[in-house]
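First up is the structure itself, then whatever we jot down about it.
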Amino acid sequence: MKTITIPADQIPVSREVEVLVAGGGPAGIAAAIAAARNGASVLIVEQRGYLGGMGTAALVPAFCPYTDHEKPVVRGIGLELLETMKQACGPDYMSRYGEQLDWVPIDAEVLKRVYEAKVLDSGADVLYHTIVSQVVMGAGGSRVDGVVIVNKSGRSYIGCRYVIDATGDADIAAMSGAAFQKGGKQGELQPGTLCYVLSDVSYSRFNEYLERTGDTGQIPALVQKAQAAGDLPHGRKEVSGFSWISDSLVGVNFGHIFGIDGTRAEDLTRGAIEGRQGIKVQLDFLRKYVPGFEQAHLVTSGEQIGIRETRRIVGDYTLVKEDFMSMKSFPDDIARNSYFIDVHLADSQSQMDIQHLPSGRSHGVPYRALLPAGVDNLWVAGRAASSDRVVQGSLRVMPNCFAMGQAAGTAAYLASTSSMTSREVPIRELQNLLVRQKAWLGEEVHAALNI
Ligand SMILES: Cc1cc2nc3c(=O)[nH]c(=O)nc-3n(C[C@H](O)[C@H](O)[C@H](O)COP(=O)(O)OP(=O)(O)OC[C@H]3O[C@@H](n4cnc5c(N)ncnc54)[C@H](O)[C@@H]3O)c2cc1C
């Protein structure tokens, strides 16, 4: 690639903070709230003008299950945010979903407000419309001393003691030189999806169709009929999900765009363009084939194509499929995961890789999976935590990202109290604080802590 050298530059120091959170998606939100509520000074730097990550920017239409089908597994800040969003959605929404903890539909505008209020109430500060573009490493190269940000004011430097990388893409870890993996053996990645919201639909008519025909909520019978007729492209044989915000408003997660690497602006651009073209085809299909959608109106699509998978850090521990299948616990568990393995097909000829755990069961998520090898004041929480590709297909969902974020934020606070490195944080103290702050770490940890 052709390169140029830019002359050395002096840039202003715009802030100094204890804990810098890069990225304001589910992991970053929970991390910031956890660190700030405990007393750390915290700043979230977010490239968009609102919080929420994929759940708001990409209009991912529902929260994956919080429960293992028997009890909530993700609790703490994640559960608090879910319950606050439900209340804020009003009485009609509450009457539908008040008691529900799995697959709760997202009203993105309500959720943006809820996230913002909770983060600001915690004492954390937010800087929008700003991208973290560079890291500055300390002497020895094992600490991030600060980051360079870019926004309408230009470039500036933020000094920090600790960093939580919640970019979903492990941007900060990658910039700091930490090792990472991306995709499968051939570099294959899960596809992207541009989600959207439709109005002027009818849940009652749709549901009446399901009851009459026995088709499921993902309408495989109609999708396959349309594929056979050439009205829909081949690929996944059902809709990933409809999330009914009200009787006449539905969030849609449908179809795949292949070969998108979410760390490349060119791919994100193609994803946006192909995604919008695809939505028109889907809308025509929905209006023509699906009862209740005859008058459907496209209200909005995601600001960006939804990205399921990019980098995964190589952490002090890497969660692997055997850990998932054997429902392993670890001495340093900071969360539990019961969501199924949900690896979407990398091209239109492949199959989905889906594997469920038994009801009531989960595996542990060790603290070490948040620690990128070689960097001592950095945590990576969320979609890019350290796991193999198969486990990432499960760990990546929003409730888990909240849980990992809460753990990273709490650990950063503990580290800040006595200038520890991320690896020196006492695990029992971390678990104790997490549990006292309503996180669920599994029966064994709770019994050992006597809480
Ligand atoms: C199509 C699709 C459907 C899905 N369905 C579901 C579902 O039904 N339920 C569910 O729970 N999960 C679902 N997921 C998964 C889930 O939405 C994501 O994995 C999850 O949001 C990841 O959270 P995160 O905090 O790690 O990252 P993200 O949500 O990606 O948030 C990262 C944030 O960091 C910001 N950022 C990134 N880089 C920078 C930078 N350099 N500087 C500043 N800011 C930066 C981004 O703007 C973003 O706000 C789905 C995902 C996709 C794509």
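Read the numbers this way: they start at 1 and go in the same order the structure lists the ligands and their atoms.
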>> Is the ring pair Tyr97/Tyr93 parallel, tilted or perpendicular, if the boundaries are 30 and 60 degrees?
In response: tilted
> Nearest to atom 23 (O) of ligand 1, what protein heavy atom do you find, and at what distance?
Replying inline: Cys401 SG, 3.5 Å
> At their closest point, which heavy atom of Thr318 faces which heavy atom of Asp388, and how far apart are they?
Replying inline: CG2-N, 3.7 Å
>> Once you restrict to heavy atoms under 4.0 Å, what part of Asp169 touches ligand 1? Side chain, backbone, both or neither.
In response: neither
> Got a donor-acceptor contact below 3.5 angstrom from the Thr130 side chain to the Tyr128 backbone?
Replying inline: yes
> Do the ring planes of Tyr162 and Trp379 sit parallel (below 30°), tilted (30 to 60°) or perpendicular (above 60°)?
Replying inline: tilted
> At a 4.0 Å threshold, what atoms of ligand 1 neighbour a non-hydrogen atom of Ala27?
Replying inline: 25 (O)
>> Classify the ring geometry of Phe242 against Phe293: parallel below 30°, tilted from 30° to 60°, perpendicular beyond 60°.
In response: tilted
Counting only pairs under 3.5 Å, give me each side-chain donor-acceptor contact of residues 407-414, with atom names and distances, residues two or more places apart or in other chains.
from, atom 1, to, atom 2, distance (Å)
Thr410, OG1, Gln406, O, 2.6

>> For atom 1 (C) of ligand 1, what's the nearest protein heavy-atom neighbour? Residue, atom name and distance, please.
In response: Arg308 NH2, 3.2 Å
>> As an exercise, identify every atom of ligand 1 less than 4.0 angstrom from a heavy atom of Gly382.
In response: 26 (O)
>> Suppose we measure from atom 39 (C) of ligand 1 to each protein heavy atom; which comes out shortest, and what is that distance?
In response: Thr167 CG2, 3.7 Å
>> Within ligand 1, which atoms have a heavy atom of Thr193 less than 4.0 Å away?
In response: 1 (C)
>> Tell me every residue that passes salt bridge (charged side-chain N to carboxylate O under 4.0 Å, His left out) with Glu70, counting only those two or more places apart in sequence or in another chain.
In response: none
>> Nearest non-hydrogen contact with atom 8 (O) of ligand 1 belongs to which option: Ala62, Gly306, Ala57?
In response: Ala62
> Should Arg396 be counted as touching ligand 1, given the test is an N or O pair under 3.5 Å?
Replying inline: yes
>> Students should be able to answer this: which protein heavy-atom is nearest to atom 34 (O) of ligand 1, and at what distance?
In response: Gly23 CA, 3.1 Å
> Which residue supplies the protein heavy atom nearest to atom 30 (O) of ligand 1, what is that atom called, and how far is it?
Replying inline: Arg383 NH1, 2.8 Å
>> Could you tell me, atom by atom, which parts of ligand 1 come under 4.0 Å of a heavy atom of Gly168?
In response: 26 (O), 27 (O)
> Quick one: do Arg383 and Asp169 make a salt bridge, cutoff under 4.0 Å?
Replying inline: yes
> Would you say Thr130 touches ligand 1, if touching means a heavy atom closer than 4.0 Å?
Replying inline: yes
> Nearest non-hydrogen atom to atom 12 (N) of ligand 1 belongs to which of His344, Gln392, Met398?
Replying inline: Met398
>> Please evaluate residues Trp440 and Val74 with respect to the criterion side-chain contact (heavy atoms from CB on, under 4.5 Å), reporting the C-alpha separation (whole Å), side-chain torsions for both, the decisive distance (0.1 Å), and the verdict.
In response: CA-CA 6 Å; Trp440 167 249; Val74 173; over 6 Å; no
> What protein heavy atom sits nearest atom 29 (O) of ligand 1, and how far away is it?
Replying inline: Met54 N, 2.9 Å
>> Between Asn253 and Val60, is the side-chain contact (heavy atoms from CB on, under 4.5 Å) condition met? List the steps.
In response: CA-CA 7 Å; Asn253 171 2; Val60 164; 5.7 Å; no
>> Using heavy atoms and a 4.0 Å limit, tell me yes or no: is Ala58 in contact with ligand 1?
In response: no
>> Need the ligand 1 atom indices (1-based, order shown) with element for anything under 4.0 Å from a heavy-atom of Cys64.
In response: 7 (C), 8 (O), 9 (N), 10 (C), 11 (O), 12 (N)
>> So if I count the atoms of ligand 1 from 1 in the order they appear, which ones are less than 4.0 Å from some heavy atom of Gly25?
In response: 25 (O), 31 (O), 33 (C), 49 (O)
>> For a side-chain hydrogen bond (donor to acceptor under 3.5 Å, both in side chains) check, start with the C-alpha distance between Gln134 and Tyr157, then their side-chain angles and the critical distance, and finish with the verdict.
In response: CA-CA 9 Å; Gln134 205 176 338; Tyr157 176 82; over 6 Å; no
>> Between Lys182 and Glu309, does any NZ, NE, NH1 or NH2 come within less than 4.0 Å of an OD or OE carboxylate oxygen?
In response: no
> Which atoms from ligand 1 have a heavy atom of Pro399 less than 4.0 Å away?
Replying inline: 11 (O)
> If you measure from atom 40 (C) of ligand 1 to every heavy atom of Ile131, Val60, Ile44, which option wins on shortest distance?
Replying inline: Ile131
> Which protein non-hydrogen atom lies closest to atom 47 (O) of ligand 1, naming both residue and atom, and how far is it?
Replying inline: Glu46 OE2, 2.7 Å
> Between Ser133 and ligand 1, which residue portion shows a heavy-atom distance shorter than 4.0 Å: side chain, backbone, both, or neither?
Replying inline: neither
>> Show the nearest heavy-atom pair for residues Ile313 and Ala173, with the distance to one decimal.
In response: CG2-CB, 3.8 Å
>> Applying a heavy-atom cut-off of 4.0 Å, say which part of Val45 lies close to ligand 1: side chain, backbone, both or neither.
In response: backbone
> Any idea which atoms of ligand 1 are less than 4.0 Å away from a heavy-atom of Ile307?
Replying inline: 53 (C)
>> Please check: side-chain N/O of Arg161 versus main-chain N/O of Asn377, any donor-acceptor pairing under 3.5 Å?
In response: no
>> Checking the N or O distance criterion of under 3.5 Å, is ligand 1 in contact with Asp171?
In response: yes
> So Tyr203 and Trp244, would you call those rings parallel, tilted or perpendicular, with 30° and 60° as cut-offs?
Replying inline: perpendicular
>> Over 60° means perpendicular and under 30° means parallel, so tell me whether Phe340 and Trp103 are parallel, tilted or perpendicular.
In response: tilted
>> How far is atom 32 (C) of ligand 1 from the closest protein heavy atom, and which atom is that?
In response: Ala166 O, 3.4 Å
>> With a 4.0 Å cut-off on heavy atoms, is Trp103 in contact with ligand 1?
In response: yes
